[in-house]
Participant: 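So that we are looking at the same thing, I have put the structure below in structure tokens.
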Amino acid sequence: MERDDLVLELGRLLVADDEVTNGPGWAYVVLVATVDDASTRMNGFSYGPDGPPEPAAPRDPRTLDVVRDLRAAMAAHDGGPPWVSCLVRVERATGRLTVDVEHDDPQRWRITPQNRHERAAELDPRRA
């Protein structure tokens, strides 16, 4: 698959996964993927129109396959090294999907038990 097709497939898989959207009331999904030679991880938050964010992580293993394929496709397209982390945002009302990448610092957006509250606030798309 081409890079743009992989981005669309990633979005399709994410919004179809109840473990990502946490049910029908979601307004935004924000997930962070971290990839290295040994593993691929993805987690983040779903946000309703208001209220606290809910933890989110894809259940469908195809999602992580698409993340790895997208990483390789972007590196091939750009002619540079593959990224180490990406930030994926989906807005339900508009269908807008964005993918930002980080080439150097795998910790840039990483969500851990220790920083989850701060990251949820930092990544909240509802902030003005």
Side-chain angles (χ1 to χ4, degrees):
M1 255 190 238
E2 295 292 323
R3 179 185 61 162
D4 292 343
D5 294 330
L6 288 164
V7 169
L8 293 175
E9 179 66 5
L10 178 59
R12 187 189 67 73
L13 287 167
L14 291 174
V15 301
D17 190 332
D18 285 340
E19 294 295 314
V20 171
T21 61
N22 288 302
W26 71 279
Y28 303 92
V29 171
V30 180
L31 293 140
V32 176
T34 306
V35 183
D36 59 34
D37 293 337
S39 66
T40 303
R41 294 172 299 283
M42 186 175 224
N43 64 334
F45 306 97
S46 66
Y47 298 86
D50 50 32
E54 295 289 331
R59 176 178 28 190
D60 188 334
R62 294 176 300 168
T63 304
L64 299 182
D65 293 338
V66 171
V67 167
R68 285 188 294 274
D69 292 347
L70 177 60
R71 179 180 185 243
M74 290 175 91
H77 180 270
D78 297 341
W83 45 262
V84 295
S85 182
C86 76
L87 178 65
V88 180
R89 297 180 190 107
V90 182
E91 182 178 0
R92 185 178 193 173
T94 63
R96 183 170 186 219
L97 169 67
T98 60
V99 179
D100 295 316
V101 299
E102 171 61 43
H103 285 90
D104 300 315
D105 182 8
Q107 302 301 317
R108 179 169 178 197
W109 299 299
R110 188 175 206 148
I111 300 164
T112 67
Q114 294 77 22
N115 75 6
R116 68 180 195 242
H117 298 294
E118 293 83 7
R119 282 286 193 247
E122 172 191 344
L123 299 174
D124 191 338
R126 303 169 300 180
R127 293 186 309 151

Participant: Would you mind writing out the side-chain donor-acceptor pairs for residues 18-27 within the sub-3.5 Å range, not counting sequence neighbours?
Facilitator:
unit_1, atom_1, unit_2, atom_2, d
Thr21, OG1, Asp17, O, 3.4
Asn22, ND2, Ser46, OG, 2.8
Asn22, ND2, Pro55, O, 2.9

Participant: For Glu122, what residues pass the salt bridge (charged side-chain N to carboxylate O under 4.0 Å, His left out) criterion, not counting sequence neighbours?
Facilitator: Arg119
Participant: Can you check side chain to side chain contact (heavy atoms under 4.5 Å, CB included) on Leu87 and Val99, steps first, answer last?
Facilitator: CA-CA 6 Å; Leu87 178 65; Val99 179; over 6 Å; no
Participant: Excluding sequence neighbours, so at least two apart, what forms side chain to side chain contact (heavy atoms under 4.5 Å, CB included) with Val84?
Facilitator: Glu102, Pro106
Participant: Just jot down the salt bridge (charged side-chain N to carboxylate O under 4.0 Å, His left out) partners of Asp100, sequence neighbours excluded, or say none.
Facilitator: Arg89
Participant: Indicate, with yes or no, if Val30 and Val35 share a hydrophobic cluster defined by side-chain heavy-atom contacts under 4.5 Å among Ile, Leu, Val, Met, Phe, Trp and Tyr.
Facilitator: no
Participant: Is the backbone N or O of Pro49 less than 3.5 Å from a side-chain atom of Tyr28, with the two atoms forming a donor-acceptor pair by type?
Facilitator: no
Participant: Can you name the nearest heavy-atom pair linking Ala73 to Leu6, along with the distance?
Facilitator: CB-CD1, 3.7 Å
Participant: Just by distance, do the side chain of Ser85 and the backbone of Ala33 share a donor-acceptor pair under 3.5 Å?
Facilitator: yes
Participant: Cluster partners of Leu8, using ILVMFWY side-chain heavy atoms under 4.5 angstrom, listed by chain and number?
Facilitator: none
Participant: Run the salt bridge (charged side-chain N to carboxylate O under 4.0 Å, His left out) test against Arg110 and tell me which residues pass, sequence neighbours left out.
Facilitator: none
Participant: Spell out, as yes or no, whether a donor-acceptor pair under 3.5 Å connects the side chain of Asp78 to the backbone of Gly80.
Facilitator: no
Participant: Any donor and acceptor pair, going by atom type alone, linking the side chain of Asn115 with main-chain N or O of Glu118 inside 3.5 Å?
Facilitator: no
Participant: Between Val15 and Val32, is there a shared hydrophobic cluster once you connect ILVMFWY residues whose side-chain heavy atoms come closer than 4.5 Å?
Facilitator: no
Participant: Which residues pass the side chain to side chain donor-acceptor pair (under 3.5 Å) test with Arg12, sequence neighbours left out?
Facilitator: Glu9
Participant: Asp37: what forms a side chain to side chain contact (heavy atoms under 4.5 Å, CB included) with it, not counting sequence neighbours?
Facilitator: none
Participant: Suppose we screen for side chain to side chain donor-acceptor pair (under 3.5 Å). Which residues come up paired with Asp124, at least two apart in sequence or across chains?
Facilitator: Arg126
Participant: Could you work out, with side chain to side chain contact (heavy atoms under 4.5 Å, CB included) as the rule, every residue matching Asp5, not counting sequence neighbours?
Facilitator: Met1, Glu2
Participant: Is a side-chain donor or acceptor of Arg71 paired with a backbone partner of Trp83 at a separation under 3.5 angstrom?
Facilitator: yes
Participant: Under 3.5 Å, is there a donor-acceptor pair between the Arg96 and Thr98 side chains?
Facilitator: no
Participant: Kindly write out the residues that satisfy salt bridge (charged side-chain N to carboxylate O under 4.0 Å, His left out) with Asp65, not counting sequence neighbours, or none if the list is empty.
Facilitator: Arg68
Participant: Please list, chain by chain and in numerical order, all residues satisfying side chain to side chain contact (heavy atoms under 4.5 Å, CB included) with Leu97, sequence neighbours excluded.
Facilitator: Val7, Val88, Val90
